[in-house]
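Predicted model, so just to flag it, every value in this text is computed and none were measured. Here is the naming used below: chain letters follow the sequence lines, and residue numbers restart at 1 for every chain. Because only heavy atoms are used, hydrogens play no part in the values below, and waters and symmetry mates are left out as well, while side chains stay in.
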Protein chains: 2
Amino acid sequence: MVEEQIIQLLRKSQLSVTDSRRKILEIFIQAGSALAHHDVEEKTSERYDRVTVYRTLQTFMEKGIIHTIPTTDNSIKYALCKEDCAEGHHHDNHIHFVCEICGAITCMDEIHVPTINLPEGYHANQINMVVNGICKNCKA
Amino acid sequence: MVEEQIIQLLRKSQLSVTDSRRKILEIFIQAGSALAHHDVEEKTSERYDRVTVYRTLQTFMEKGIIHTIPTTDNSIKYALCKEDCAEGHHHDNHIHFVCEICGAITCMDEIHVPTINLPEGYHANQINMVVNGICKNCKA
DNA sequence: GCCAATTTTGCAACTTTGTTGCAAATGATA
DNA sequence: TATCATTTGCAACAAAGTTGCAAAATTGGC
Ligand SMILES: [Mn+2]
Ligand SMILES: [Mn+2]
Ligand SMILES: [Zn+2]
Ligand SMILES: [Zn+2]
């Protein structure tokens with residue numbers, strides 16, 4: 001049961017199990033795609049304060065439960081991390097797809113970000129690859 | 001002379017040559033790295049209204065003079081385009097490097113974004129690749 | 001289950017960022 | 001220089017994000 005999984009995940013991350021955390025995690029699990037802060041707020045149907053949503057997203061980030069996806073429209077999107085992320089250490093090495101029609105943002109877990117040869121003296125820690133285009137649901 | 005080049009570029013883009021546009025273009029040319037709206041405002045030493053800066057950046061975007069770089073910190077960065085961008089058509093196919101220490105954001109014009117095999121049904125229009133790490137000035 | 005200690009939440013007040021309408025100022029053109 | 005179109009600054013606003021603090025909820029031991 002999903003409720004149980006949510007509680008497990010919060011416990012595993014050493015977070016106390018609160019209504020807002022449960023609800024927001026549930027929203028991410030149910031949403032197929034990445035969500036902006038604003039989307040999360042809307043889906044809670046005004047049950048939690050804006051500030052609580054901000055703080056919850058921040059906490060989830062720190063604990064490696066969700067990760068951010070940079071987009072060109074100046075709005076950070078958040079999506080669930082996979083197993084291999086942990087507190088303070090994200091390993092989201094997959095590409096992200098942004099559909100220009102429906103706006104859905106998908107984690108393409110199976111497609112890894114290719115390695116890059118940087119110029120002498122540069123060191124890469126993390127690479128974000130965001131593909132904008134048309135998703136399979138929206139293609140003509 | 002740089003002043004002349006700036007005027008040429010504005011003319012070429014069919015923009016009237018105004019103080020703010022000249023000054024803001026100059027700021028981009030002098031800055032080695034990408035700038036946020038806020039950076040631009042600061043460097044104009046309060047000579048232009050915030051709204052003017054917003055509108056100027058927007059105009060430069062539309063005319064293919066600058067392009068945006070998505071970042072994970074929810075602030076769009078802007079950088080000068082190369083020759084092959086034009087009104088309504090950007091061709092910024094290079095990767096961007098964000099230094100985690102000095103914060104500088106560099107266009108690596110010489111490093112092209114690799115192509116990606118997307119799943120069946122997906123179509124890519126534009127790919128953004130942003131590398132976070134340590135730049136050559138900041139390496140220990 | 002109850003209690004004390006700790007953590008989380010909601011609220012208020014605030015700052016920052018971004019948008020819009022409109023009149024005044026400036027730039028292009030002849 | 002005069003005219004017309006464009007651009008700018010201002011004011012007023014909306015949206016996004018931050019901080020301090022008291023009230024409420026959660027945890028863990030009894
Ligand atoms: Mn992802
Ligand atoms: Mn660039
Ligand atoms: Zn779509
Ligand atoms: Zn650096």
Side-chain angles (χ1 to χ4, degrees), chain A residues 3-4 6-28 34-63 65-66 68-78 87 103, chain B residues 3-4 6-27 34-63 65-66 68-78 87 103 105:
Chain A
E3 260 307 290
E4 262 313 309
I6 289 174
I7 294 173
Q8 295 295 317
L9 179 49
L10 289 173
R11 285 262 152 72
K12 197 185 102 189
S13 307
Q14 294 175 296
L15 292 173
S16 35
V17 180
T18 67
D19 275 5
S20 48
R21 285 176 183 162
R22 289 220 305 246
K23 179 64 182 164
I24 293 176
L25 245 187
E26 199 186 325
I27 288 171
F28 274 106
L35 302 171
H37 167 92
H38 182 254
D39 301 324
V40 176
E41 255 194 89
E42 273 190 338
K43 289 187 198 269
T44 55
S45 50
E46 310 186 55
R47 294 206 290 130
Y48 305 108
D49 195 82
R50 267 159 27 82
V51 180
T52 301
V53 177
Y54 278 114
R55 292 197 270 226
T56 304
L57 292 177
Q58 194 181 301
T59 304
F60 285 0
M61 275 287 299
E62 287 162 2
K63 294 293 186 176
I65 296 175
I66 58 176
T68 53
I69 302 162
T71 63
T72 33
D73 71 344
N74 209 5
S75 76
I76 291 185
K77 296 294 192 306
Y78 302 87
E87 178 156 3
Chain B
E3 260 309 291
E4 263 312 309
I6 289 174
I7 294 173
Q8 297 294 317
L9 179 50
L10 289 174
R11 285 261 152 72
K12 196 185 101 189
S13 307
Q14 294 175 295
L15 291 174
S16 36
V17 180
T18 68
D19 275 5
S20 48
R21 286 176 182 162
R22 289 219 309 241
K23 178 64 181 165
I24 293 176
L25 247 187
E26 199 185 327
I27 288 172
L35 301 171
H37 168 93
H38 181 256
D39 301 324
V40 176
E41 257 192 86
E42 272 190 339
K43 289 188 199 270
T44 55
S45 50
E46 310 184 56
R47 294 205 289 130
Y48 305 108
D49 194 81
R50 267 159 26 80
V51 181
T52 301
V53 176
Y54 278 114
R55 292 198 269 226
T56 303
L57 291 176
Q58 195 182 302
T59 304
F60 284 0
M61 275 287 297
E62 287 161 2
K63 293 294 184 176
I65 296 174
I66 58 178
T68 54
I69 302 162
T71 63
T72 34
D73 73 343
N74 213 2
S75 76
I76 290 187
K77 297 295 193 303
Y78 302 87
E87 177 155 4
I105 300 185

Exercise for review: Please test B:Y54 against B:Q58 for side-chain contact (heavy atoms from CB on, under 4.5 Å), starting from the C-alpha separation and ending with a verdict.
Suggested key: CA-CA 6 Å; B:Y54 278 114; B:Q58 195 182 302; 6.0 Å; no

Minimum-distance nucleotide to [X] side chain [options: [options]]:
X     : options                : value
B:T52 : D:dC10, D:dT19, D:dT8  : D:dT8
B:Y48 : D:dA16, D:dG9, D:dT7   : D:dG9
B:T18 : C:dG27, D:dA16, C:dT20 : C:dG27
B:D19 : C:dG27, D:dC10, D:dA16 : C:dG27
B:V51 : D:dC10, D:dG17, D:dT8  : D:dC10

Rounded to whole Å, how long is the line connecting atom [atom1] of [X] with atom [atom2] of [N]?
X     : N      : atom1 : atom2 : result
B:R55 : C:dT26 : CZ    : P     : 16 Å
A:R21 : C:dG10 : CZ    : P     : 12 Å
A:D39 : D:dA16 : CG    : C1'   : 14 Å
B:Q14 : C:dT29 : CD    : P     : 10 Å
B:Q58 : D:dT8  : CD    : P     : 12 Å
B:N74 : C:dT16 : CG    : C1'   : 12 Å
A:Y78 : D:dA16 : OH    : C1'   : 11 Å
A:L57 : D:dG17 : CG    : P     : 10 Å

Practice item. Output yes when at least one side-chain N/O atom of B:R11 is less than 4.0 Å from OP1 or OP2 of C:dA28, else no. Key: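 Affirmative; the distance criterion is met.
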
Review point. Below 4.0 angstrom from OP1 or OP2 of C:dT7, is there any side-chain N or O of A:S16?
Key: no

Exercise for review: Using a heavy-atom cut-off of under 4.0 Å over every strand shown, decide if B:S20 touches base, sugar-phosphate, or nothing.
Suggested key: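 Since only primed, P, OP1 and OP2 atoms lie under 4.0 Å of B:S20, the category is sugar-phosphate.
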
Check your understanding: Mind checking whether B:I76 and B:H37 have side chains closer than 4.5 Å, heavy atoms only?
Key -> no

Exercise for review: Evaluate the side-chain proximity of B:K23 to B:K43: yes if any heavy-atom separation is below 4.5 Å, no if none is.
Suggested key: no

Check your understanding: Which word best sums up how the rings of A:Y78 and A:F28 line up, parallel for under 30°, tilted for 30 to 60°, or perpendicular for over 60°?
Key ->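 The arrangement is perpendicular - the two ring planes meet at more than 60°.
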
Point to revise | B:H37 or A:T56, whichever maps to the more 5' nucleotide of DNA chain C | key: A:T56

**Study point:** Check: A:R21 side chain, A:S16 main-chain N or O, donor-acceptor pair, under 3.5 Å
**Key:**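 At least one qualifying donor-acceptor pair exists.
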
